[in-house]
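In what follows, a single structure is set out as structure tokens and then discussed.
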Amino acid sequence: ASGNWKMNGSKASVAELCNVLKAGPLDPNTEVYVGVPAIYIAQARELLPDTINVAGQNAYKAPKGAFTGEVSPAMLKDVGACWVILGHSERRQIFKESDELIADKCAHALEEGLKVVACIGETLDEREANKTEEVVSRQMCALVQKIKNWENVVVAYEPVWA
């Protein structure tokens with residue numbers, strides 16, 4: 001089970017959300033994570049019980065370097081994240097991330113020891129043009145070329161129109 005906080009939050013609202021999550025009953029057979037803005041990951045990890053995992057909402061395909069504004073999987077791990085969400089429709093549509101870049105990012109995050117939520121899905125225009133299977137197949141093929149071990153991967157079908 002998961003929840004993506006997107007680009008929302010403040011120190012106060014993160015504390016409030018963490019308190020709500022701590023109070024709620026969780027199924028011990030379900031792995032739970034929350035996708036937290038990078039700047040609040042350490043705070044959320046500190047406030048949440050170990051039964052709730054923390055995910056970064058994005059990560060780059062390199063361990064370090066001159067990539068201003070990016071966050072590496074190693075950085076996410078360093079502040080307590082054990083999951084990362086990659087290929088979200090907003091990253092694909094707004095930031096124009098390609099299937100190949102997303103696949104590279106997924107492969108690198110897995111190599112660095114993070115679990116990956118690999119998002120796929122079509123836009124409304126693509127759906128209305130009956131291209132859903134073509135788009136999803138293209139996105140999955142890019143992932144398959146780069147990901148060798150799928151043990152720590154969850155594929156999330158999240159079409160843009162939904």
Side-chain angles (χ1 to χ4, degrees), residues 1-22 24 26-121 139-140 142-160:
S2 66
N4 183 356
W5 297 355
K6 305 210 178 217
M7 194 179 76
N8 295 297
S10 64
K11 287 171 70 175
S13 67
V14 167
E16 185 179 330
L17 265 172
C18 289
N19 285 333
V20 169
L21 290 169
K22 283 193 293 192
L26 296 176
D27 181 343
N29 298 314
T30 302
E31 191 164 0
V32 176
Y33 73 85
V34 288
V36 179
I39 197 165
Y40 299 119
I41 289 173
Q43 179 191 6
R45 179 65 284 152
E46 186 178 306
L47 296 174
L48 290 170
D50 291 341
T51 53
I52 300 175
N53 298 295
V54 176
Q57 298 175 347
N58 188 34
Y60 196 56
K61 65 179 185 176
K64 59 184 174 181
F67 306 106
T68 301
E70 290 295 325
V71 175
S72 72
M75 290 173 169
L76 293 176
K77 284 180 61 178
D78 191 42
V79 294
C82 58
W83 282 87
V84 64
I85 302 167
L86 296 169
H88 193 282
S89 61
E90 292 155 1
R91 300 298 310 177
R92 291 178 185 271
Q93 298 303 308
I94 298 169
F95 298 100
K96 308 300 182 205
E97 291 188 0
S98 69
D99 297 337
E100 183 180 6
L101 174 60
I102 291 162
D104 286 340
K105 290 165 73 167
C106 288
H108 179 66
L110 290 164
E111 288 167 10
E112 292 290 316
L114 288 177
K115 294 181 179 183
V116 169
V117 179
C119 302
I120 61 170
Q139 293 169 344
M140 282 301 300
L143 294 171
V144 168
Q145 289 178 12
K146 303 288 176 138
I147 297 173
K148 303 308 175 207
N149 181 343
W150 291 79
E151 184 178 335
N152 290 317
V153 180
V154 171
V155 176
Y157 173 62
E158 297 183 330
V160 180

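Asn53 approaches Cys82 most closely through the heavy-atom pair OD1-SG, 3.3 Å. Contact between Val153 and Ala118 at its shortest, heavy atoms only, is CG1-CB, 4.3 Å. For the pair Ala62 and Pro73, the tightest heavy-atom approach, listed with the atom from each and the gap, is O-CD, 4.2 Å. Scanning all heavy atoms of the two residues, the minimum distance from Gly9 to Ser13 falls at CA-OG, 3.2 Å. Smallest separation of non-hydrogen atoms from Lys146 and Ala103: CG-CB, 3.5 Å. The nearest pair of heavy atoms linking Ala74 to Glu112 is CB-OE1, 3.9 Å.
Sorted by first and then second residue, the ring-ring contact (aromatic ring centres under 6.0 Å, His included) pairs involving residues 59-82 (not counting sequence neighbours) are Tyr60-Phe67. Screening residues 3-13 for salt bridge (Lys or Arg N to Asp or Glu O under 4.0 Å), with sequence neighbours left out, gives Lys6-Glu90.
Contact check for Val144 versus Trp150: side-chain heavy atoms found under the 4.5 Å cut-off. At least one side-chain heavy atom of Cys106 sits less than 4.5 Å from a side-chain heavy atom of Leu143. Using a 4.5 Å cut-off on side-chain heavy atoms (C-beta onward), Leu110 and Asn149 make no contact. Annotation: side chain of Val79 is not in contact with side chain of Arg45 (no heavy-atom distance under 4.5 Å). Side-chain contact between His88 and Asn4: present, with at least one pair of heavy atoms (C-beta onward) separated by less than 4.5 Å. Contact annotation: the side chain of Arg92 never approaches that of Leu101 to less than 4.5 Å [non-hydrogen atoms, C-beta and beyond]. Within the 4.5 Å cutoff, side-chain heavy atoms of Leu48 are placed close to those of Val34.
Under the side chain to side chain contact (heavy atoms under 4.5 Å, CB included) criterion, Asn58 pairs with Glu70, Leu86, Arg91, Glu97, Lys105, sequence neighbours left out. Among residues two or more places apart in sequence or in another chain, the side chain to side chain contact (heavy atoms under 4.5 Å, CB included) test is passed with Ser89 by Val160. Residues passing the side chain to side chain donor-acceptor pair (under 3.5 Å) test with Thr68: none are found, sequence neighbours excluded. Partners of Leu47 according to the side chain to side chain contact (heavy atoms under 4.5 Å, CB included) rule, which considers only residues two or more places apart in sequence or in another chain, are Ala15, Cys18, Gln43. Take Glu31 and apply the salt bridge (Lys or Arg N to Asp or Glu O under 4.0 Å) test, not counting sequence neighbours, and it matches Lys115. With sequence neighbours left out, the ring-ring contact (aromatic ring centres under 6.0 Å, His included) criterion links Tyr157 to no other residue. Listed by chain and residue number, nothing satisfies the side chain to side chain donor-acceptor pair (under 3.5 Å) test with Lys61 (two or more places apart in sequence, or in another chain). For Val154, the side chain to side chain contact (heavy atoms under 4.5 Å, CB included) test picks out Trp83, with sequence neighbours left out. Among residues two or more places apart in sequence or in another chain, the side chain to side chain donor-acceptor pair (under 3.5 Å) test is passed with Ser98 by none. Residues that satisfy the salt bridge (Lys or Arg N to Asp or Glu O under 4.0 Å) test with Lys22, not counting sequence neighbours, are absent from this structure.
In the displayed structure, Glu100 atom CD is contacted under 6.0 Å by at most 12 heavy atoms of other residues, nucleotides or ligands. More than 12 heavy atoms of other residues, nucleotides or ligands sit less than 6.0 Å from atom CG of Leu26.
No donor-acceptor distance shorter than 3.5 angstrom exists from the side chain of Lys77 to the backbone of Gly113, with no hydrogens or angles considered. Checked by atom type and distance alone, the side chain of Gln139 pairs as donor or acceptor with a backbone atom of Gly121 at under 3.5 Å.
The distance from the CG atom of Asp104 to the CG atom of Asp99 is 11.0 Å, given to the nearest 0.5 Å.
Applying the side chain to side chain contact (heavy atoms under 4.5 Å, CB included) test between Tyr33 and each of Val117, Val84, Val54, Ile52 identifies Val117 as the sole match.
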